[in-house]
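Worth saying up front: this structure is predicted, and the values here are computed from it rather than measured. Every chain is numbered from 1, with letters handed out A, B, ... down the list of sequences.
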There are 2 protein chains.
Amino acid sequence: MTEQTPVAPSTASRSARKGKRRGRPKKQPNGGIDTREKILAAAIKVFAARGLSGGRVNVISRAARSNDRMIYYYFGSKERLFVEVLEKVYRDMWEAESALALDQADPIEALEKFVGFTLDYYLSHPEMLTILNNENLLQGKHVTKSKKLKELSSPALDLMERIYRRGVEKGLFRADVKPLELYLSVLALNYFYVSNRYTLSAFLGADLTGDSLKSWRRWAVDVIVRAVRV
Amino acid sequence: MTEQTPVAPSTASRSARKGKRRGRPKKQPNGGIDTREKILAAAIKVFAARGLSGGRVNVISRAARSNDRMIYYYFGSKERLFVEVLEKVYRDMWEAESALALDQADPIEALEKFVGFTLDYYLSHPEMLTILNNENLLQGKHVTKSKKLKELSSPALDLMERIYRRGVEKGLFRADVKPLELYLSVLALNYFYVSNRYTLSAFLGADLTGDSLKSWRRWAVDVIVRAVRV
DNA sequence: AAATGAATTAAGTGATTACTACATTTTTGC
DNA sequence: GCAAAAATGTAGTAATCACTTAATTCATTT
């Protein structure tokens, strides 16, 4: 048996496995979900809760009802697992953004809906925020290395550009706004509110859910609309 | 001599040392700066760069040109050191905010200056952002425990309330705005831009310093003013 | 100059951690 | 059914980490 690869020679068994293997197209020995998927899902939760350095490999593998060994089998290293986590988190958000059908709507209404969507997405995917914060802590070390992420771009930014252009054409919006800055402002208002809710509510006393959240939602929409209206 | 404390019994020798000691009023055996201060300054840098779990105790002590033991001598534990780091970072910002003398200025101008101040402070104190992000990752675990932080409150929020009130009185601002939401919006626009600059610039291609930064500064001021103007 | 205690250093320690060598089981192509 | 390859499980290991024990230096007091 000298020809065989010596059974997963450490790092040689990378991640790009699914594409390369010869046989075994579908069914896994496991139940429905693939082990790889389960690890990825568990890693998102653990990295979101503890950060990259605080997220322990064995905590991830146990949360995935798997084994440390499998993380290295499928991903090679903790860091490469984190890169895939980043990719998945972005991809999921971009998928959700793609479902936004705001091109027919009145520009003002489209703007309002977009602000609401952003806030809702952050609220329902808080792991996105902490993982992104972590990546910024590390000065974007991993995003810059990921080819997959570099190729893609946010559908929401394109959407915002279209909404803005229609608003200008209809005479509703002033013409001297950079759509990118408008887009970033929507993200900023919502990101800050959700991401910093713990330190904010500690200092402000009040919780930021419930009525405060509703009020903020109205306020954010108002700020954005006022920013572009003629 | 049964009264004496038995030579630093590990955690019993806490931090509140300076006030309590009997003799030795001033001079340290070291050079000018106290070891405790040096450790705190080094901890800010290290925690800001690597996070709480990623920031190693021995890296901090070496950066402070001291010794692991001294961290435990003065702070008791890595976590208590982190709490003091949080306290210092907040206190420094609140001190800077206190220096803002914007009560005489025209309300609109005061608003503009406040936005600029916030952006400048984040740019010149990026460690503030990463440390706060870390604390939010940990769900405010430490801020809620720190009594010192609970007692204080942001001078800038008070200032914003005064500016807003004067603006309403003068008929410049609409009356139905919550000053807190206005204040949070200023923070949000600037915090997001500076904190997420690594992931943002990775996706947008462009860097966010230089001209883009100048443009953003104008834009942020504009957004805030438009949000309150009648 | 002796006593005193705070400040500092040196040298660990046990627990934890990311990662791996090796063995075994499961699946698939033929 | 049978090899070969893929997937999984077991049991580590070397390195790292937060934290400690214990001894020493040094300014100050008396």
Side-chain angles (χ1 to χ4, degrees), chain A residues 1-15 17-31 34-39 43 46 50 52-62 64-82, chain B residues 1-31 33-39 43 46 50 52-62 64-82:
Chain A
M1 314 306 180
T2 52
E3 285 291 74
Q4 297 166 213
T5 49
V7 185
S10 69
T11 46
S13 69
R14 291 279 164 69
S15 57
R17 180 153 309 275
K18 284 224 160 143
K20 279 182 182 170
R21 71 184 176 206
R22 259 178 265 177
R24 171 100 57 113
K26 309 203 167 114
K27 209 173 135 200
Q28 293 296 124
N30 254 342
D34 200 7
T35 299
R36 194 177 196 282
E37 298 299 311
K38 287 200 300 184
I39 290 172
V46 173
R50 321 284 302 246
L52 172 55
S53 57
R56 304 301 173 203
V57 165
N58 79 83
V59 172
I60 294 171
S61 77
R62 295 187 78 188
R65 289 164 173 268
S66 182
N67 188 295
D68 283 16
R69 179 69 186 81
M70 298 314 292
I71 289 176
Y72 296 91
Y73 185 68
Y74 282 117
F75 300 93
S77 75
K78 181 182 175 178
E79 212 167 350
R80 274 202 289 268
L81 173 59
F82 186 74
Chain B
M1 311 310 179
T2 51
E3 287 291 71
Q4 295 164 212
T5 49
V7 184
S10 69
T11 47
S13 69
R14 291 279 164 66
S15 57
R17 179 153 311 277
K18 283 217 162 152
K20 279 184 185 168
R21 71 185 174 206
R22 257 177 268 174
R24 171 102 56 114
K26 314 203 164 116
K27 210 174 140 199
Q28 294 295 123
N30 253 342
I33 306 171
D34 200 7
T35 301
R36 193 177 197 283
E37 298 300 310
K38 288 200 299 185
I39 289 172
V46 174
R50 321 284 301 247
L52 172 56
S53 57
R56 303 303 174 203
V57 165
N58 79 83
V59 173
I60 293 171
S61 76
R62 295 187 77 188
R65 290 164 171 267
S66 183
N67 186 294
D68 283 16
R69 182 69 185 82
M70 298 311 293
I71 289 176
Y72 296 91
Y73 184 69
Y74 282 117
F75 299 94
S77 74
K78 181 182 176 181
E79 214 167 350
R80 275 202 288 268
L81 173 59
F82 186 73

Starting from [atom2] on [N], measure out to [atom1] on [X] and report it in whole angstrom.
{"X": "B/Tyr73", "N": "D/dT25", "atom1": "OH", "atom2": "P", "answer": "17 Å"}
{"X": "A/Lys38", "N": "D/dT8", "atom1": "NZ", "atom2": "C1'", "answer": "11 Å"}
{"X": "A/Arg80", "N": "C/dA18", "atom1": "CZ", "atom2": "P", "answer": "16 Å"}
{"X": "A/Arg50", "N": "C/dT16", "atom1": "CZ", "atom2": "C1'", "answer": "13 Å"}
{"X": "A/Phe82", "N": "C/dC19", "atom1": "CZ", "atom2": "P", "answer": "14 Å"}
{"X": "A/Phe75", "N": "D/dA7", "atom1": "CZ", "atom2": "P", "answer": "12 Å"}
{"X": "A/Glu79", "N": "C/dA18", "atom1": "CD", "atom2": "P", "answer": "12 Å"}

Using the side-chain heavy atoms of [X], tell me which of these nucleotides is nearest: [options].
{"X": "B/Tyr74", "options": "C/dA7, D/dA18, C/dT17", "answer": "C/dA7"}
{"X": "A/Tyr72", "options": "D/dC17, C/dC19, D/dA7", "answer": "C/dC19"}
{"X": "A/Lys78", "options": "D/dA18, C/dC19, D/dT8", "answer": "C/dC19"}

Filtered N/O pairs between nucleotides 9-14 of chain D and protein, under 3.5 Å:
| residue | atom | partner | partner atom | Å |
| --- | --- | --- | --- | --- |
| D/dG9 | O6 | A/Arg69 | NE | 3.2 |

Quick one, A/Tyr73 and A/Asn67 - any side-chain contact, counting heavy atoms below 4.5 Å?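 Side-chain contact under 4.5 Å: no.
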Across the strands shown, which category fits B/Gly54 at heavy-atom distances under 4.0 angstrom: base, sugar-phosphate, nothing?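 Nothing, no nucleic acid heavy atom in range.
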